[in-house]
Every structure is written in C-alpha cells, then in structure tokens.
Amino acid sequence: MSDNKTIMDYETVMLDEENKAVVIIDQTKLPCTTEIISLTTAQEIWDAIYLLKVRGAPAIGVSAAFGIYVLADRIETDDYDTFLAEFRKYKEYLDSSRPTAVNLSWALKRMEKVVTDHADCGVAQIKELLKQESIEIKEEDIRVCRAIGEYGLELVKPGDGILTHCNAGQLAACKYGTATAPIYLGHEKGYHFRVFADETRPLLQGARLTAYELHSAGVDVTVICDNMSAMVMKNGWVNAVFVGCDRVAANGDAANKIGTSVVATVAKRYGVPFYVCAPTSTIDMVTPTGDDIHIEQRPAHEVTEMWYKERMAPEGVKVFNPAFDVTDNELITGIVTEFGVARAPYTESLKEIFRRKEEAK
Ligand code: MRU
C-alpha cells in the first residue's frame, strides 16, 4: 500500500469489465498485507466466498452478482434455453458457497430474473443486461448503506460509546458498511464516538477488519476480546450497540456472526440499546423465525489452529464451530433499514418497511 493510501481507498469488490473478472481485496490477509486478487473461474469465485477472502452479507451478494455475470458472459451459445440451463448451473454452484447470508441467493435470484424476464431479447442483449444489473446491485448497496447510516445516526449523540461485533463495515459491503455507517457519517460531522470492536473469535473479523478500517478512517476504536463486552457495558462506556446481520427472519430474529446473541443478552442486562443494521436485501420475509435459518458450520481448524503459531487445542478434541447465531427479536431494540427503523412487533413493522420499499419504486 502506498504511503498516503489507506484501506478505505480500496474498493471491496469491483468488476473488471475489460478482463471479465471479479476483483476483490483478499481479506484473509488483512491487516498486514493488502493483496488485490482477480477471480475469473467459477471455482475461484466459489472458493473466495467460502474461504472468506470476500465476506460480509452485502459484499457476498455483490461478488455473486459480478461473478454470475462474468461466468454467464462466457457461455458460448445463441440458444436461449441452452444459455438458461448453463446459467442456472452456475447460479446453483455459487449459491452453495455459504448458506446463511441471504444476500447471496437474493443477488443470484435477481440476476436470474434478468435472464427469464428477457427470454425474447437474444443472448447477447441478456449478457449486457446482466452486466448492468450487477453494477446496479453494487451502486444500490452504497446508497442503501448510506441511508442506514442516516437513520442510525439519529439513534446516538456526539461523544457516545458504540460497541460492534464482527465486521459490518466498508469491507463487508461497498462503502460505509451497515453497522459502521452511522459511525462514519457521525465521524464526518465531528461526533467523536468511542467505538469498541469485539475481536470476534474464531476468525477475528473485529480485530483484523473493523479495528483496521475504523482506525484508518481516524475513528477512536478500542479492540476488546469477546469476553469483555459485559465489563465495558457495566462500566457505562457503551451507549448503543450496532451490529450487522446475515439474515433477518419475518419475526425479527436476526442471524449474525457467532457471539452476537451474547452481546445482545449483555446489552439487555445493562440497559444498552441493541440495534441490528439490515438492508432490506438481508431481510428474508419467507423465513418465519430464527429457528428456520440455516446456520453454517465451519471447519474445526479455524478454532484450534488457524490464527495461532501452533495448535492451541489437543489433537482429536471435538470442536463446535457455528459461524453465526440467532439473536431473539425480544433482545433487539430496533432494526435499522434503508427505509427507517423497525421496532417490535417486528412481524408488523418489517411488513411496513417493505410497504415503503414498494412505494419508493
Ligand atoms: O463470516 P462473515 O465474516 O461473512 O460474517 C459477517 C457478519 O456476520 C456480518 O456482521 C454480516 O455479514 C453483516 S455485514 C454488513
């Protein structure tokens, strides 16, 4: 990285139109190394998502949209039915890379709709429309995150302490992030927030990514271990918690990085408002409750050795490594979307959010 360039100057996900590639920052190497990689094959795109080289619900959605465009563009046929069949094979393959973040299937379905809505247009025209849609998905993400930031900023005041878990920042989206959007917008206005970033075991997205991007942006950020949130809240240092999410069920239960529900429980105990920041692309109204959300299980080595110099648990020991947990809706003070803040009862307020979305079309 050159001297005056910070991680905030890099785009999380880009489409390289000339070389037909998805270009990302390899987030597994951050914060020590900033490596930009180009993904061109289905296997490379799948691996990048599965291995968390690109991660965070919105960034996964944008990568999948660019990815399916790049792959579709290479399908050599003028026959619509053959094209659609090949497109669907790629779509299902990419969709299998991570199960919990609904933005992945949301973006792929949206791209598929472009194909099925234009069956009479010819394959060349469909490919052009797919490119435009993928670019729009990214641009929309930036607008949506900014709107979440504006609504979120109304919930806090200058000088507040804010705690966040995992990384729902610019590195998890395209700009602003979701949970960090109110922090960045407040920072621009000189709000001087004091942010606590949970380190977020086992993959350390809080320490490696959230602390890195906030610090680079000049925000006052302190890394804490995951077992310290009760202490900082009991000390009165936290005025609000903002977290991102991977899938919100129709009743407001919200799946996010493992450990989020512990933070929500502690926040309730100490009377700290707990906000989930969720683009409507992350709200899944066809999943009734958190119990219906598929929680991704990840390999044991991420817990036992991945970030250590040497193994930190005995060989052969059993490991439980769910990537996400579900925060019960009664622990959530509000769900901050690009169409306003939904509050309990969520079965009603989330419908109202989607009504506003329809109205805005
Ligand atoms: O496993 P990850 O790093 O993809 O998990 C990311 C999170 O849990 C984020 O909080 C969530 O995707 C929201 S990102 C705006």
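All residue numbers refer to positions in the sequence shown, counting from 1. Just so you know, these numbers use all the heavy atoms, side chains as well, and skip hydrogens, waters and symmetry mates. Computed from a prediction, not measured in an experiment: that's the story for all the values here.
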Subject >> Side chain proximity check, W307 to P202, heavy atoms < 4.5 angstrom >> reply: no

Subject >> side chain to side chain contact (heavy atoms under 4.5 Å, CB included) between W106 and T282, worked out >> reply: CA-CA 8 Å; W106 169 86; T282 310; over 6 Å; no

Original post:
Got a sec, which residues hit side-chain hydrogen bond (donor to acceptor under 3.5 Å, both in side chains) with S96, two or more places apart in sequence or on another chain?
Top reply: W46

Subject >> Atom CE of M285 with >12 non-hydrogen neighbours under 6.0 angstrom >> reply: yes

Original post:
Is D9 salt-bridged to K5, cutoff N-O under 4.0 Å?
Top reply: no

Subject >> R298 to Y50 six-membered ring, cation-pi geometry met (6.0 Å, 45°) >> reply: yes

Original post:
Is the closest side-chain heavy-atom distance between E302 and V319 below 4.5 Å?
Top reply: no

Original post:
Hey, does the side chain of N19 reach the backbone of A21 with a donor-acceptor pair shorter than 3.5 angstrom?
Top reply: no

Original post:
Taking the side chain from D226 and the backbone from R201, do they hold a donor-acceptor pair closer than 3.5 Å?
Top reply: yes

Original post:
Are L15 and V70 side-chain neighbours, meaning at least one heavy-atom pair lies under 4.5 Å?
Top reply: yes

**OP:** Write out all pairs satisfying side chain to side chain donor-acceptor pair (under 3.5 Å) with one or both partners inside residues 229-240, taking only residues at least two apart or from two chains.
**Re:** none

**OP:** Compare every heavy atom of V13 with every heavy atom of K138, then report the nearest pair and how far apart it is.
**Re:** NZ-O, 2.7 Å

**OP:** May I ask you to decide if A250's main-chain N or O and K351's side chain share a donor-acceptor pair within less than 3.5 Å?
**Re:** no

Original post:
Within the side chain of T333, is there an N or O that forms a donor-acceptor pair under 3.5 Å with the backbone of F274?
Top reply: yes

Original post:
Does the cation-pi check pass for K127 over Y69, that is, NZ or CZ under 6.0 Å from the six-membered ring centre and within 45° of its axis?
Top reply: no

Subject >> Side-chain (T100) to main-chain (E296) donor-acceptor, under 3.5 angstrom >> reply: yes

Original post:
Heavy-atom distance under 4.5 Å between the side chains of T280 and E338, does that happen here?
Top reply: yes

Subject >> Check against side chain to side chain donor-acceptor pair (under 3.5 Å), N103 and S281 >> reply: CA-CA 6 Å; N103 302 60; S281 55; 3.1 Å; yes

Subject >> Summary of side chain to side chain donor-acceptor pair (under 3.5 Å) pairs that have at least one residue in residues 175-197, sequence neighbours excluded >> reply: R146-Y176, Y184-E213

**OP:** Verify the distance criterion only: is there a donor paired with an acceptor across the side chains of E86 and T82 at less than 3.5 Å?
**Re:** no

Original post:
Is there side-chain contact between R110 and E112, with heavy atoms separated by less than 4.5 Å?
Top reply: no

Subject >> Point-to-point distance, once rounded to the nearest 0.5 Å, from CD1 of I283 to OG1 of T337 >> reply: 5.5 Å

**OP:** For T12 and A173, indicate whether the former's side chain and the latter's backbone hold a donor-acceptor pair under 3.5 Å.
**Re:** yes

Original post:
What pairs meet the salt bridge (Lys or Arg N to Asp or Glu O under 4.0 Å) rule with one or both residues in residues 271-294, with sequence neighbours excluded?
Top reply: R247-D284

**OP:** Before accepting this row, confirm whether a basic side-chain N of the pair R355/E348 lies closer than 4.0 Å to the acidic partner's carboxylate O.
**Re:** no

Subject >> Side-chain donor or acceptor of S216 paired with backbone N/O of Y212 under 3.5 Å >> reply: yes

**OP:** Examine distances only and state if a side-chain atom of T164 and a backbone atom of F242 form a donor-acceptor pair shorter than 3.5 Å.
**Re:** yes

Original post:
Are side-chain N/O atoms of R55 and Q27 paired as donor and acceptor at under 3.5 Å?
Top reply: yes

Subject >> Residue from I60, L39, I24 passing side-chain contact (heavy atoms from CB on, under 4.5 Å) with I49 >> reply: I60

Subject >> Check ion pair E359-R356 (N to O, under 4.0 angstrom) >> reply: no

**OP:** Go through the steps for D325 and S261 under the test side chain to side chain donor-acceptor pair (under 3.5 Å), then give the verdict.
**Re:** CA-CA 7 Å; D325 61 20; S261 69; 3.0 Å; yes

Subject >> E330: partners by side-chain hydrogen bond (donor to acceptor under 3.5 Å, both in side chains), with sequence neighbours left out >> reply: none

Original post:
Are V276 and V336 side-chain neighbours, meaning at least one heavy-atom pair lies under 4.5 Å?
Top reply: no

Original post:
Under 3.5 Å, is there a donor-acceptor pair between the side chain of T200 and the main chain of D198?
Top reply: yes

**OP:** For D253 and G290, indicate whether the former's side chain and the latter's backbone hold a donor-acceptor pair under 3.5 Å.
**Re:** yes

**OP:** May I have all residue pairs that pass salt bridge (Lys or Arg N to Asp or Glu O under 4.0 Å) and include part of residues 20-29, sequence neighbours excluded?
**Re:** K20-D73, D26-K29, K29-E35

**OP:** Taking all heavy atoms of L30 and all of R208, pick out the closest pair and write down the distance.
**Re:** O-NH1, 2.9 Å

Original post:
Below 4.5 Å, heavy atoms only, C-beta onward: do L163 and V232 meet side chain to side chain?
Top reply: yes

**OP:** Indicate yes or no: at least one non-hydrogen side-chain atom of C174 is less than 4.5 angstrom from one of D141.
**Re:** yes

